[in-house]
Amino acid sequence: MSISGIQGQVLEVTVVECQKLKDTEWLSRQDPYVCLEYGSTKFRTRTCTDGGKHPVFQEKFVFTLIEGLREINVVVWNSNTLTYDDFIGSGKIQIQDVLLRGYDDRPWPLQTKTGRFAGEIKLILHYANANKPTSYAPSAPPYAAPPTPQVSLYSTPPPASRSAYPPPATAYLPPSNAYPSSGYSTASLHPFYPPITAAYSPYSYPPPLDPSVYPPPPYPPPSAYPPPSAYPPPSAYPAPPYPPPPRHPPPYGPPGAYPGMYPPPY
């Protein structure tokens with residue numbers, strides 16, 4: 001959301017504390033302080049002696065806002081007596097949210113010159129002229145006057161024509177067996193149709209066979225095969241002798257290795 005019209009407005013910045021700062025001292029505790037820069041305006045906090053990694057400041061500064069400038073530069077240093085001050089970390093504070101809501105108290109990260117984490121700094125930003133949304137109560141629906149009843153041009157409504165729209169009861173007549181009997185006679189509803197029992201024959205299904213048309217089949221039915229007497233009975237063939245006669249020995253004996261005497265002479 002774009003915010004305009006902040007030129008010359010006042011922004012209050014309170015430096016609360018720093019947490020998890022990078023330690024630049026080897027033997028003693030470091031003495032941090034904070035520098036703020038917005039445009040050409042610069043502020044510096046007091047030095048927190050022996051603040052170490054968690055210095056506390058609680059100092060407030062007032063900045064005059066510049067149209068189009070939406071960040072504040074923050075640098076944390078370690079104060080030295082004999083040598084130059086040591087750089088601990090820096091960061092950029094975005095003021096877009098505080099210009100919208102009017103208040104911001106979240107911590108902001110700090111980085112070293114190589115982009116590593118150097119700790120956090122907690123600030124409280126306050127902007128009195130923020131564009132706070134105005135809440136309105138839900139409005140009631142607009143009042144609508146009730147419709148004026150229309151007066152009929154006729155004193156009494158004209159009678160409906162009975163011939164134009166016949167009653168639906170006579171348009172479709174249900175069959176006589178569709179509903180249970182209600183005590184009323186339905187014979188007059190179908191004067192031109194014969195009774196239902198005259199449409200069918202009183203005989204059962206299938207109809208019985210007429211002996212004159214279909215003669216009875218013979219019993220037993222004739223067979224296409226010759227009777228069993230056509231084959232000779234088992235006694236017509238002679239029975240095989242028992243026990244069977246012995247087999248005759250073969251006319252030749254088993255073949256030998258050498259003909260003649262056994263064992264053969266040397």
Side-chain angles (χ1 to χ4, degrees), residues 1-140:
M1 178 178 179
S2 177
I3 300 176
S4 60
I6 64 172
Q7 181 69 32
Q9 301 293 332
V10 176
L11 176 66
E12 297 178 357
V13 179
T14 301
V15 182
V16 180
E17 62 181 353
C18 294
Q19 298 178 356
K20 305 176 184 178
L21 285 181
K22 174 186 175 183
D23 195 354
T24 59
E25 294 289 346
W26 295 91
L27 301 177
S28 61
R29 296 170 63 89
Q30 62 186 1
D31 305 323
Y33 65 91
V34 179
C35 294
L36 305 175
E37 181 179 357
Y38 178 76
S40 59
T41 305
K42 298 179 181 180
F43 292 101
R44 180 188 185 278
T45 65
R46 62 177 177 84
T47 301
C48 182
T49 306
D50 295 335
K53 296 182 180 181
H54 305 282
V56 178
F57 302 99
Q58 293 292 347
E59 296 187 40
K60 182 187 293 185
F61 304 97
V62 178
F63 291 91
T64 302
L65 295 176
I66 302 174
E67 190 72 35
L69 188 56
R70 294 292 190 270
E71 63 182 17
I72 301 174
N73 296 326
V74 177
V75 183
V76 181
W77 297 86
N78 174 36
S79 178
N80 293 323
T81 305
L82 301 178
T83 60
Y84 295 105
D85 294 347
D86 299 325
F87 175 82
I88 297 178
S90 63
K92 294 183 180 297
I93 311 302
Q94 304 295 327
I95 63 175
Q96 183 73 16
D97 290 344
V98 69
L99 296 179
L100 291 174
R101 299 183 301 173
Y103 185 83
D104 192 354
D105 62 346
R106 53 182 166 173
W108 297 87
L110 301 173
Q111 293 181 352
T112 63
K113 294 181 179 180
T114 58
R116 295 184 179 181
F117 179 76
E120 294 179 345
I121 181 170
K122 184 175 182 180
L123 305 178
I124 296 178
L125 309 179
H126 180 258
Y127 180 57
N129 298 327
N131 296 328
K132 298 180 180 179
T134 306
S135 60
Y136 298 94
S139 58

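By convention here, the first residue in the shown sequence is residue 1.
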Between Y38 and I93, is a side-chain contact (heavy atoms from CB on, under 4.5 Å) present by the stated rule, with each step listed? CA-CA 10 Å; Y38 178 76; I93 311 302; over 6 Å; no
Spacing of CZ belonging to R46 relative to OG belonging to S79, to within rounding of 0.5 Å: 12.5 Å
If every non-hydrogen atom of L69 is compared with every non-hydrogen atom of G39, which pair is closest and at what distance? CD2-N, 3.6 Å
Residue set satisfying side chain to side chain donor-acceptor pair (under 3.5 Å) with S40, at least two apart, ordered chain then number -> none
Could you tell me which residues satisfy side chain to side chain donor-acceptor pair (under 3.5 Å) with T41, sequence neighbours excluded, listed by chain and number? none
Say whether, by atom type as modelled, one donor and one acceptor occur between the side chain of E12 and the main chain of H126 under 3.5 angstrom. no
With sequence neighbours excluded, what pairs up with T47 under the side chain to side chain donor-acceptor pair (under 3.5 Å) test? R44
Using atom types as modelled and distance alone, determine if a side-chain donor or acceptor of Q7 lies under 3.5 Å from a backbone N or O of G68. no
So which pairs with a foot in residues 106-119 pass salt bridge (charged side-chain N to carboxylate O under 4.0 Å, His left out), sequence neighbours left out? D97-R106, D104-R106
Go through the steps for L65 and L99 under the test side-chain contact (heavy atoms from CB on, under 4.5 Å), then give the verdict. CA-CA 10 Å; L65 295 176; L99 296 179; 3.7 Å; yes
Determine the minimum heavy-atom distance between A130 and L100, stating which atoms define it. CB-O, 3.9 Å
Can you name the residues that form a side chain to side chain contact (heavy atoms under 4.5 Å, CB included) with T45, not counting sequence neighbours? V15, Y33, V34, F57, E59, F61
Distance col, row T14:OG1 vs I124:CD1, nearest 0.5 angstrom, shows 5.5 Å
Does a side-chain heavy-atom distance below 4.5 Å link S90 with N73? no
Rounded to the nearest 0.5 Å, what separates atom CG in L36 from atom CG in L123? 7.0 Å
Can you find a pair of side-chain heavy atoms, one from P107 and one from I121, that are under 4.5 Å apart? no
Considering only heavy atoms from C-beta outward, does the side chain of F43 approach that of V13 to under 4.5 Å? no
Tell me which pairs pass salt bridge (charged side-chain N to carboxylate O under 4.0 Å, His left out) where either residue lies in residues 73-92, with sequence neighbours left out. E71-K92
Side chain to side chain contact (heavy atoms under 4.5 Å, CB included) against S28, all qualifying residues, sequence neighbours excluded: E25
So, taking the atom named CD in Q94 and the one named CH2 in W108, what distance separates them when rounded to the nearest 0.5 Å? 6.0 Å
May I have all residue pairs that pass salt bridge (charged side-chain N to carboxylate O under 4.0 Å, His left out) and include part of residues 26-38, sequence neighbours excluded? none
Give me the atom names and distance for the closest heavy-atom approach of P32 to P55. CG-CG, 3.7 Å
Pairing residues for E17 by the side chain to side chain donor-acceptor pair (under 3.5 Å) criterion, not counting sequence neighbours: Q19
The criterion is ring pair (Phe, Tyr, Trp, His ring centres under 6.0 Å); which residues satisfy it with F87, sequence neighbours excluded? W77
When rounded to the nearest 0.5 angstrom, what is the spacing between CD in E120 and CG in L110? 8.0 Å
Residues that D105 engages under salt bridge (charged side-chain N to carboxylate O under 4.0 Å, His left out), provided they are two or more places apart: none
Would you check if Y103 and L125 make a side-chain contact, meaning some heavy-atom pair closer than 4.5 Å? no
My understanding is that only residues two or more places apart in sequence, or in another chain, count here; which of them pass salt bridge (charged side-chain N to carboxylate O under 4.0 Å, His left out) with K53? none
Do I95 and L11 touch side chain to side chain, with heavy atoms closer than 4.5 Å? yes
Scanning both residues in full, the closest heavy-atom pair of K22 with I88 reads O-CG2, 3.7 Å
Taken to the nearest 0.5 Å, the spacing of I66 CD1 from Q9 CD works out to 13.0 Å
